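These numbers come from the heavy atoms of this one structure, side chains and all, not from hydrogens, waters or symmetry mates. Since we're looking at a predicted model, the values are computed, not measured. A note on names: the letters A, B, ... follow the listed sequences, proteins ahead of strands, and every chain is numbered from 1.
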Amino acid sequence: MAYWLMKSEPDELSIKDLAKLGEARWDGVRNYQARNFIRAMAVDDAFFFYHSSCPEPGIAGIARITAAAYPDPTALDPQSHYFDAKASTEKNPWSAVDVAHVETFSKVLGLGYLKQQSVLAELPLVQKGSRLSVMPVTAEQWAAVLALR
DNA sequence: GCCAACGTTGGC
DNA sequence: GCCAACGTTGGC
């Protein structure tokens, strides 16, 4: 089992939204590096749910993968914000996974706080200029963040 | 709203 | 293949 971190704008999907829904499709990833990580995910992999572009950026909880990567339908939907005119049913370069809520942290672990943790120094999230929205997390990093809850 | 940093596009 | 211009991300 592998560990990951994925960013979501809480205006679009927050950890509370996911808790209410139980399960959701994680779509709209439009970056090849992030997509490759999406494709490497397996059912029951866990990930940190990160809130980005919001008043309190940080890790808000945990979710898990319930369906491995499949073609992202939003790329084919002209009504979607994530529509990609170059994508087709036969050739859709984008992938989505299904996810389920596991845990909402009692407090958001803020980005500034995470940056203070030396054990997380290698995590792209805390590195200057990194905009990667899906990234792998090592077992050591995973355990370290759990201990901060 | 600002802006640094990155990714993508497209001319050559 | 290079690289300038542009668009996007995301913290502040």
Taking only nitrogen or oxygen atoms into account, show me every contact under 3.5 Å that the protein makes with nucleotides 5-11 of chain C, one pair per line with its distance.
unit_1, atom_1, unit_2, atom_2, d
C:dT8, O2, A:R131, NH1, 2.7
C:dG10, OP1, A:K7, NZ, 3.0
C:dG10, OP1, A:R131, O, 2.8
C:dG11, OP1, A:Y50, OH, 2.7
C:dG11, OP2, A:S53, N, 2.9

Given side chains that start at C-beta, do those of A:F49 and A:V102 come closer than 4.5 Å, heavy atoms only?
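A:F49 vs A:V102: side chains apart.
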
With side-chain contact (heavy atoms from CB on, under 4.5 Å) as the criterion, how do A:L148 and A:Y113 come out once you've worked through the C-alpha distance, each side chain's angles and the decisive distance to 0.1 Å?
CA-CA 9 Å; A:L148 298 172; A:Y113 183 51; 3.4 Å; yes

Knowing that exactly one of A:W142, A:Y3, A:F47 qualifies, which makes a side chain to side chain contact (heavy atoms under 4.5 Å, CB included) with A:I62?
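It is A:W142; the other options fail the test.
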
Salt bridge (charged side-chain N to carboxylate O under 4.0 Å, His left out): pairs with one or both residues in residues 97-120 of chain A, sequence neighbours excluded:
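For residues 97-120 of chain A, and leaving out neighbouring residues, the salt bridge (charged side-chain N to carboxylate O under 4.0 Å, His left out) pairs sorted by first residue read A:E103-A:R149.
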
With ring pair (Phe, Tyr, Trp, His ring centres under 6.0 Å) as the rule and sequence neighbours excluded, what pairs involving residues 6-25 of chain A come up?
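Found none.
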
